[in-house]
Amino acid sequence: MSFRTVWANQLDLSLAGSEVTIAGWVQRRRDHGGLIFVDIRDRSGIVQVVAEPQSAVFPLLDGLRAEYVVSITGVVQKRPEGMVNREIASGDVEIVPTQVRVLSQSKTPPFMPQEAESVDELVRLKYRYVDLRRPSLFNNFRLRDKVLYSLRTFFHEQGFLEVETPALARSTPEGARDFLVPSRVQPGAFYALPQSPQIFKQLLMVAGFERYYQIAKVFRDEDLRADRQPEFTQIDVEMSFLEREDILSLMEMMMKRVFADGLGVMLEDFPRMSWEQALRLYGSDKPDLRAGEPLVDLTETARQLDWDVLAKAPHVVGAVCRQYQPSRKQLDQWNQFAKDHGASGLIWLILNEDGIRTSASKWLSPDDLSRFADTAGMRPGDTLFLVAGAKPLAFVVAGQLRLEFARQENRMESGWKFLWVTEFPLFEWSEDENRLVSAHHPFTMPMAEDIHLLTTNPLAVRSEAYDVVLNGIELASGSLRIYQPEVQEKIFSVLGLSHEEINEKFGFLIQAFQYGAPPHGGIAFGLDRLIMLMAGAKSLRDVIAFPKTARGTDPLMEAPAPVDSRQLDELGIQIKPQS
RNA sequence: GGAGGCGUGGUGUAGUCGGCCUAACACGCAUGCCUGUCACGCAUGAGAUCACGGGUUCGAAUCCCGUCGCCUCCGCCA
């Protein structure tokens, strides 16, 4: 006797009269004294079982409680006239049981799966297996599986090999804090869990694998957010003998395939934008194209003024809010918003049929005002916010204002707004360390036309790096890699790494590149973020089966946890008392 | 490292400017009644260290100090 012959959502009128066996959990029991209804839930849906007192299995149904696991055999019966439930797939029918097997009893659960939505997340994580029973969560994993299947099919068709790389690797400088794993065999030495399989995948290119991918777990010991977990999954890709364009179009094809297979959505071609453009047009390296029009650069218009605050500002950036007439209080709030984000203040212009109101009426003539309004493309009813300041700041603040306005006023367009951001700077200045650091990572290839600036003006050097941005979220990041050892050494020296450090940290990579490295490049997508966006989930926790809390703990296993002193002894580790 | 929000039966909340709280309501749970429900209905009942520790007070869920936990954001995340 099998546990199950059909899924709950397969039951419909076509099966009326036939005998079936269903298996699942008791979702609810409705006891009418003489008549008992029991809803049975499996991962496909729900079906109603009904029994009258004269039924041989009536006492068994009577004894069922929430979340008992049962297998029920019975005859599918068309529901009486007017008793159809349109809410569930099997709502036309019900099962009249002939055999009820209680496979497993359940204690009263801390919460019912169907009410979990409103339950405290800590409780849900502690009883994650109950939480995961609710369809809305389960469906995220169905989608995740679909996407992974689609990805693997795509990669396989395109000649990629799925290759696993070590989880026990070595700590590398630069980048996020590593999770360390002590070695027992080499006392005092540590492995590091990979922040990405970066070096391994490049070594695979040197090895001639040509096209590699991996659904790779990676680890970063940094503080967490709704969209950040300490361990997460990357779609890691690397390929040889391809130009940047080839890589971008292949990866774009991949995303289109995934959205078609996963959601039935046909994506349009992704627009391209340089990092410089992204900053100037959206004040961000991950523009959200749903949030309306780009910023307007009004620096030139400001130059003509007598008023130094604007005329002498390095940049004056405008954000146009269409059909928006803010109140006095709202204007104050926007001003505070700008200050909170580092601007010295905010100038506003409100255009109406009867003229322009402004916070700068003392300094700007009517002519000045209309020049601004014209240049910014204002129409009656619009509000223009101006931010003056230095290069990144003025754009960034205006960009954040643009975003926040769209959010607050519900102006976000719907849909999937992808874009490529390219030509990132190769280096950034680190105030903390008082030195240049890699913007992407130290193996990123500089753009050929900028190589001559490496020593003279390194901050102006652009790189062959590219990001995929979806709805304002960084989804993927990649680059062409340096494959000439002399260029790599040059980069290391600009980064201020000594030969000893280079040899100690990256010697193996430099050495590998001396044995025939092909031109290569790659990219890594955040799989969890992708699924989160596709599923419309608010947190990564909703697309990871057993996620960690914001403090990095797992309430279910109660990890991390202290270990036995014998384990520490074996590792030669002593715990310092907390000060 | 910093900021904010939250913490009251199993779950969700009310009560929080000190007393009428011997802590309320809904869901859940238990028992009984009920033959067409699907958030079944009705009745009865059990169930609470008011996160933890300290303090103020005649009196603390409520005020003060500290700690812990959860969530969100900034820093951080090549």
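Naming convention: chains lettered A, B, ... in sequence-line order (proteins, then strands); numbering from 1 in each chain.
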Contacts under 3.5 angstrom, residues 218-227 of chain A side chains, donor-acceptor by atom type, not counting sequence neighbours:
residue  : atom : partner  : partner atom : Å
A/Arg220 : NE   : A/Gln195 : O            : 3.2
A/Arg220 : NH2  : A/Gln195 : O            : 3.0
A/Glu222 : OE2  : A/Arg177 : N            : 2.8

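- A search for side-chain contact (heavy atoms from CB on, under 4.5 Å) contacts involving A/Ala439 returns A/Glu428, not counting sequence neighbours.
- Atom pair A/Leu35:CG and B/C33:C1' shows a separation of 15 Å (rounding to whole Å applied).
- By the salt bridge (charged side-chain N to carboxylate O under 4.0 Å, His left out) test, A/Arg402 is found to be paired with no residue, residues two or more places apart in sequence or in another chain being considered.
- Counting to the nearest Å, the P atom of B/C77 and the CD atom of A/Glu428 are 9 Å from each other.
- Minimum atom distance to the side chain of A/Ala226 is reached by B/C73, of the listed B/U35, B/C73, B/C76.
- Here the C1' atom of nucleotide B/C73 and the CZ atom of A/Phe337 are 12 Å apart, to the nearest Å.
- Counting non-hydrogen atoms under 4.0 angstrom, A/Arg541 reaches the backbone sugars and phosphates but no base.
- Nearest nucleotide to the side chain of A/Arg551, out of B/G69, B/U35, B/U72: B/G69.
- Following rounding to the nearest Å, A/Met112 (CE) and B/C27 (P) show an atom-to-atom distance of 13 Å.
- Relative orientation of the A/Tyr127 and A/Phe111 rings is perpendicular, given thresholds of 30° and 60° on the angle between their planes.
- If you take atom P in B/A60 and the same atom in B/G19, they sit 11 Å apart, rounded to whole Å.
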Name every donor-acceptor pair, under 3.5 Å, that has one atom in a side chain of residues 31-42 of chain A and the other anywhere in the protein, sequence neighbours excluded.
residue : atom : partner : partner atom : Å
A/Asp31 : OD1  : A/Gly33 : N            : 2.7
A/Asp39 : OD1  : A/Arg30 : NH2          : 2.9
A/Asp39 : OD2  : A/Arg30 : NH1          : 2.9
A/Asp39 : OD2  : A/Arg30 : NH2          : 3.4
A/Arg41 : NH1  : A/Gln27 : OE1          : 2.7
A/Arg41 : NH1  : A/Glu67 : OE2          : 3.3
A/Arg41 : NH2  : A/Glu67 : OE1          : 2.8
A/Asp42 : OD1  : A/Ser44 : N            : 2.7
A/Asp42 : OD1  : A/Ser44 : OG           : 2.6
A/Asp42 : OD1  : A/Gly45 : N            : 3.1
A/Asp42 : OD2  : A/Ala8  : N            : 2.8

Using the 3.5 Å cut-off, write out each protein N or O paired with an N or O of nucleotides 37-39 of chain B and the distance between them.
residue : atom : partner : partner atom : Å
B/U37   : O4'  : A/His32 : NE2          : 3.4
B/U37   : O2'  : A/Arg30 : NE           : 3.4
B/U37   : O2'  : A/His32 : NE2          : 3.4
B/U37   : O2   : A/Arg30 : NE           : 2.7
B/U37   : O2   : A/Arg30 : NH2          : 3.1
B/U37   : O2   : A/Gln48 : OE1          : 3.3
B/U37   : N3   : A/Gln48 : OE1          : 2.8
B/U37   : N3   : A/Gln48 : NE2          : 3.0
B/U37   : O4   : A/Gln48 : NE2          : 2.9
B/U37   : O4   : A/Arg79 : NH1          : 3.2
B/C38   : O4'  : A/Arg30 : NE           : 3.1
B/C38   : O2   : A/Gln48 : OE1          : 3.3
B/C38   : O2   : A/Asn85 : ND2          : 3.1
B/C38   : N3   : A/Arg79 : NH1          : 2.7
B/C38   : N4   : A/Arg79 : NH1          : 3.3
B/C38   : N4   : A/Met83 : O            : 2.5

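- One P atom belongs to B/C25, the other to B/G15, and the distance between them is 15 Å to the nearest Å.
- For B/G41 and B/U35, the C1' atoms lie 13 Å apart once the distance is rounded to whole Å.
- Residues satisfying the side chain to side chain donor-acceptor pair (under 3.5 Å) criterion with A/Asp450, sequence neighbours excluded, are A/Arg462.
- When the side-chain nitrogen and oxygen atoms of A/Arg124 are compared with OP1 and OP2 of B/C70, none of them lie within a distance under 4.0 Å.
- A/Ser196 comes within 4.0 angstrom of a base, heavy atoms only.
- When the P atom of B/C74 is taken as reference, atom NE2 of A/His341 falls 8 Å away, rounded to whole Å.
- Between B/C74 and B/G59, the two P atoms lie 46 Å apart (nearest whole Å).
- Taking A/Thr21 as the reference, A/Met1, A/Thr5, A/Ser71, A/Thr73 meet the side-chain contact (heavy atoms from CB on, under 4.5 Å) condition, with sequence neighbours excluded.
- Every residue two or more places apart in sequence or in another chain that forms a side-chain contact (heavy atoms from CB on, under 4.5 Å) with A/Ala512 is listed here: A/Leu203.
- As rounded to the nearest Å, B/G32 and B/A14 have P atoms that lie 35 Å from one another.
- A/Asp221 comes within 4.0 angstrom of no nucleic acid atom, judged by non-hydrogen atoms across all strands.
- Taking every side-chain heavy atom of A/Ala176 into account, B/C77 is the closest of B/C77, B/G69, B/U31.
- Taking the P atoms as reference points, B/U16 lies 28 Å from B/C70, given to the whole Å.
- Nearer the 5' end of RNA chain B, as judged by each residue's closest nucleotide, is the contact made by A/Ser539, out of A/Pro442 and A/Ser539.
- As a whole-Å value, the separation of A/Asp223 CG from B/A3 C1' is 14 Å.
- Between the side chain of A/Arg225 and the base of B/G75, at least one donor-acceptor pair of N or O atoms lies under 3.5 Å.
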Compile the donor-acceptor pairs under 3.5 Å between side chains in residues 538-545 of chain A and protein atoms, sequence neighbours left out, one pair per line.
residue  : atom : partner  : partner atom : Å
A/Ser539 : OG   : A/Arg541 : N            : 3.0
A/Arg541 : NE   : A/Glu121 : OE2          : 2.6
A/Arg541 : NH2  : A/Glu121 : OE1          : 3.3

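- The pair A/Asp92-A/Lys78 fails the salt-bridge criterion, with no side-chain N (NZ, NE, NH1 or NH2) lying under 4.0 Å from an Asp/Glu carboxylate O.
- Residues A/Arg128 and A/Asp554 are not paired through a salt bridge, judged by the lack of any N-O separation under 4.0 Å between the basic side chain and the carboxylate.
- B/A24 sits 26 Å from B/G69 when the C1' atoms are compared, rounded to a whole Å.
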Quiz item: How far apart are the C-alpha atoms of A/Phe443 and A/Phe506, what are their side-chain angles, what is the distance that settles it, and do they pass the ring pair (Phe, Tyr, Trp, His ring centres under 6.0 Å) test?
Solution: CA-CA 10 Å; A/Phe443 318 113; A/Phe506 299 112; 5.4 Å; yes
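- Legend: residues meeting side-chain contact (heavy atoms from CB on, under 4.5 Å) with A/Gln105, ordered by chain and number and at least two apart, are A/Tyr68, A/Val102.
- Remark: the separation of the C1' atoms in B/U13 and B/C50 is 13 Å, to the nearest Å.
- Whole-Å rounding puts the A/Gln54 CD to B/U35 P distance at 12 Å.
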Quiz item: Which letters describe nucleotides 4-13 of chain B, given B = protein heavy atom under 4.0 Å from base, S = only from sugar-phosphate, - = neither?
Solution: ------SSS-
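- At a threshold of 4.0 Å, the pair A/Lys548-A/Glu231 counts as salt-bridged, since one of the basic side-chain nitrogens sits closer than that to a carboxylate oxygen.
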Exercise. Let me have a per-nucleotide readout for nucleotides 42-53 of chain B, 5' to 3', with B, S or -, counting only protein heavy atoms under 4.0 Å.
Key: ------------
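- Residue A/Ala550 is the one, among A/Ala550 and A/Gln198, whose nearest nucleotide of RNA chain B lies closer to the 5' end (criterion: closest heavy atom).
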